[in-house]
Amino acid sequence: MLLFEKSRPGRGCRELPPCDVETVSLPENDRRRKTLHLPALSEVDISRHYSGLARRTHGVNDGFYPLGSCTMKYNPGINEAAASLPGFTQIHPLQGEDTAQGCMEVLHLAEKYLCEITGMDRMTFQPAAGAHGEFTGLLLIKAYHESRQDRKRTKILVPDSAHGTNPASASMAGYSVVSIPSNSDGCVDIEKLKEAAGDDVAGLMLTNPNTVGLFDRNILEITEIVHQCGGLCYYDGANLNAVMGIARPGDMGFDIVHLNLHKTFSTPHGGGGPGSGPVGCREFLADFLPSVLVSEKAPYRFEKPSQSIGEMKSFYGNFLVVVRALTYLLTLGKEGIPEASQNAVLNANYLRCHLKDLYPMAYDATCMHEFVMSLSDLKKETGISAMDIAKGLLDHGIHPPTMYFPLIVDEALMAEPTETESRETLDEAIGVFRSLYRLAQEDPEKLHAAPVTTPVTRLDEVTAARHPVLRYEFQTEDEA
């Protein structure tokens, strides 16, 4: 029930002090013709409403959340404590640089550490999310080629297992997209890449480890092929959690990288709040960046490079997200960063090995941070789809893995148990997956009806997608 439906005339919880300044009335022409629709509720009604909504959500704090490719890792409380310090929360973006040196030092340290992790030379924190970072990186590629009067490069190469935002970002930047197929091992088909690599290629967008959770053993050859034809290599950092502190995109041959601070570096993810998708680059591209932080030591200042693509966001991005990420980096340190990646890979392979006898793996090999199951055979045998298993997991308090992605795997479930999950949690999840498999064999109708214990049971998702109700319809006075 919405707040508007709980509203009762005459109720309220306003406790404003008496006005101590002169009141000014708006001219008649500037006033509303109709009464503003605001719910009238007591404070306890409002409190119970939002507490009830909180109980109906499921997040990392509530239980296992193995959402593949999204790295839904726990956000430590120390990050929130650091981001809540008055010196950070009470800063104003328009105040003078000389009064914000502490905050600018945070950006400087974060850039220094993230460049070390990625093998880049410079970094901007302006992009507000991963896709925003992709677009920024592609504009850097475009600016680079245009600065050399090389305008014949109109294509971006993108593997067929890529995130959907990759081709979308390339298209937004004015490029046409060439899809590069995967080979039987789930990695880039080298021969097809060579066929596509020509003097009209502006660059390649690639995730490594890739979307099926495999580290491409041909990565050095891949980036060399693109460089030989004059293109640049862009690293989608969505899966960096598997290799941070161990393998650097810069050492793999990449020229540009975007990071998802709300994935790899334990800052809040989703919920409509601010994200952060910083973009790093090699030195030869630094002159095209948005405004950058200048000076190795205080006083810090911002400066726009001479060939800058322009500002990608107001001021300097979502600053408090960077504070959280820097806190995470400082907490783990040089030893803890690679250990986190190693534990993420260990957890993924532990879960994979305990499920592969029942749930066939799309690519049955040692994975990195995530793996993809194919329920195609199960559906043929029992009629139970990946969607049914996902819905069944909800009844056990587990958020489902990513469903039906990547598109190159039929009836796909992509699971990523991050490093923050304990062995006990993984063992419990393994037991649930196995029990759902038995249920699919013995009583498939129960799974077709799942979930049955959640506040909202199985939805008509087709109708919801095709005919969404996006606004509340208020009753007229006559109807009331």
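All residue numbers refer to positions in the sequence shown, counting from 1.
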Quiz prompt | Counterpart residues, side chain to side chain contact (heavy atoms under 4.5 Å, CB included), relative to Arg56 (two or more places apart) | solution = Pro455, Val456
Quiz item: With sequence neighbours left out, what residues match Phe315 under ring pair (Phe, Tyr, Trp, His ring centres under 6.0 Å)?
Solution: none
Practice problem: Go through the structure and list residues passing salt bridge (Lys or Arg N to Asp or Glu O under 4.0 Å) with Glu97, not counting sequence neighbours. | Solution: none
Quiz item: Going by atom types only, do Ser306 and Asp287 share a side-chain donor-acceptor pair under 3.5 Å?
Solution: yes
Quiz item: In chain order, what residues pass the salt bridge (Lys or Arg N to Asp or Glu O under 4.0 Å) check against Asp121, with sequence neighbours excluded?
Solution: Arg282
Practice problem: Among residues two or more places apart or on two chains, list those pairs meeting side-chain hydrogen bond (donor to acceptor under 3.5 Å, both in side chains) that have a residue in residues 170-199. | Solution: Asp160-Ser182
Self-check item: With sequence neighbours excluded, residues passing side-chain hydrogen bond (donor to acceptor under 3.5 Å, both in side chains) with Asn208
Solution: none
Quiz prompt | Residues in side chain to side chain contact (heavy atoms under 4.5 Å, CB included) contact with Glu473, at least two apart in sequence or another chain | solution = Arg471
Quiz item: Are the charged groups of Glu461 and Lys391 less than 4.0 angstrom apart, N to O?
Solution: yes
Quiz item: Can you name the residues that form a salt bridge (Lys or Arg N to Asp or Glu O under 4.0 Å) with Asp388, not counting sequence neighbours?
Solution: Arg458
Quiz item: Quick one: do Arg301 and Glu303 make a salt bridge, cutoff under 4.0 Å?
Solution: yes
Practice problem: List for me each residue that meets ring pair (Phe, Tyr, Trp, His ring centres under 6.0 Å) alongside Tyr316, sequence neighbours excluded, and say none if there are none. | Solution: Phe302
Quiz item: Mind checking what makes ring pair (Phe, Tyr, Trp, His ring centres under 6.0 Å) contact with His399, not counting sequence neighbours?
Solution: Tyr65
Quiz item: With sequence neighbours left out, what residues match Ser84 under side chain to side chain contact (heavy atoms under 4.5 Å, CB included)?
Solution: none
Exercise. Please name all residues satisfying ring pair (Phe, Tyr, Trp, His ring centres under 6.0 Å) with Tyr300, sequence neighbours left out, ordered by chain then number.
Key: His108
